[in-house]
Amino acid sequence: RLSSTTSGGTVSVTDGSTLQLWNNAALESVVLVGDGTGAFQATANTGAGSLGPARLGNVTLGAGVNFTMLPGNQTKLEGTISDAGTIAITSANVSLPGSIALTASGAISIAGGWLVGGSLTNTDNTLDVISGYGSVAVDITNEAAGTIEANVAGEILSLAAFSSSGSVNRGVIDASNGSTVQLSGN
């Protein structure tokens, strides 16, 4: 387990191995790479003895890399996130303390989690999909090539503006497979 800040360079997880961020650990200005068998995870860091949330700042996720925020976890995303892989939020709380710029053509998958605060912008019009169910309370700018999709039967993907600035959709907001997209103001 990593319990400090790792800055710069490349972090690689291969051959079924796992890298876990725990108790205020941070990855800043790094490139995450893998062979598809390894796992990057932010583990539960709430409750007694917790030193605070894990942080990802100015990080590049290589193609095929999955970074999973596990249940009970709190994670902060900061700066530019170049996501050619998948960021999976599984019953976790992910906060955006400021403005986040997404680049590359990856995905954010939400399974009962929260994505809250700040603003999220698909800056280069290539982010493929934000999908799943849970709550997204951020000011989103979804460019023309972007898709926000509720896709889990019987579940709700709630989209709410974080501030009076609101959200902008130039792409697609979709409900499929018997799911619901719920839009609300702040």
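Values below: every heavy atom of this structure, side chains too, minus hydrogens, waters and symmetry copies. Treat the numbers as computed from the prediction; the structure is a model and nothing was measured. Residue numbers run from 1 in the order of the sequence given.
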### Task
Decide yes or no on side-chain contact (heavy atoms from CB on, under 4.5 Å) for I130 and L120, but give the supporting numbers first.
CA-CA 11 Å; I130 297 173; L120 181 65; 4.0 Å; yes
Apply side-chain contact (heavy atoms from CB on, under 4.5 Å) to E78 and V59, showing your working.
-> CA-CA 9 Å; E78 300 171 336; V59 172; over 6 Å; no
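With D35 contributing its side chain and D15 its backbone, the two residues share a donor-acceptor pair below 3.5 Å. Although no hydrogens or angles enter the test, the distance criterion places no donor-acceptor pair under 3.5 Å between the side chain of S91 and the main chain of G113. Here the side chain of D83 pairs no donor or acceptor atom with the backbone of L61 at under 3.5 angstrom. For the pair N73 (side chain) and T43 (backbone), a donor-acceptor distance under 3.5 Å is present. In terms of modelled atom types and a separation under 3.5 Å, the side chain of S179 and the main chain of A150 share a donor-acceptor contact. In this structure, S167 contributes its side chain and I140 its backbone to a donor-acceptor pair below 3.5 Å.
In this model, a donor atom of one side chain and an acceptor atom of the other lie less than 3.5 Å apart for S119 and S99. Counted by atom type alone, N169 and N142 present one or more donor-acceptor pairs between their side chains at under 3.5 Å. For S176 and E149, the side-chain atoms include at least one donor-acceptor pair closer than 3.5 Å.
When side chains are defined from C-beta on, S29 does not count as touching S7, because their heavy atoms never get closer than 4.5 Å. Two residues are said to be in side-chain contact when any heavy atoms from C-beta on lie closer than 4.5 Å; L157 and I148 meet this criterion. Put simply, the side chain of I108 does not reach to within 4.5 Å of the side chain of V94, judged on heavy atoms. With contacts defined as side-chain heavy-atom distances shorter than 4.5 Å, the pair E143/V168 does not qualify.
Taken to the nearest 0.5 Å, the CG atom of L96 stands 11.0 Å off from the NZ atom of K76.
The cluster map of Ile, Leu, Val, Met, Phe, Trp and Tyr, joined by side-chain heavy atoms under 4.5 Å apart, puts I87 and V152 in different clusters.
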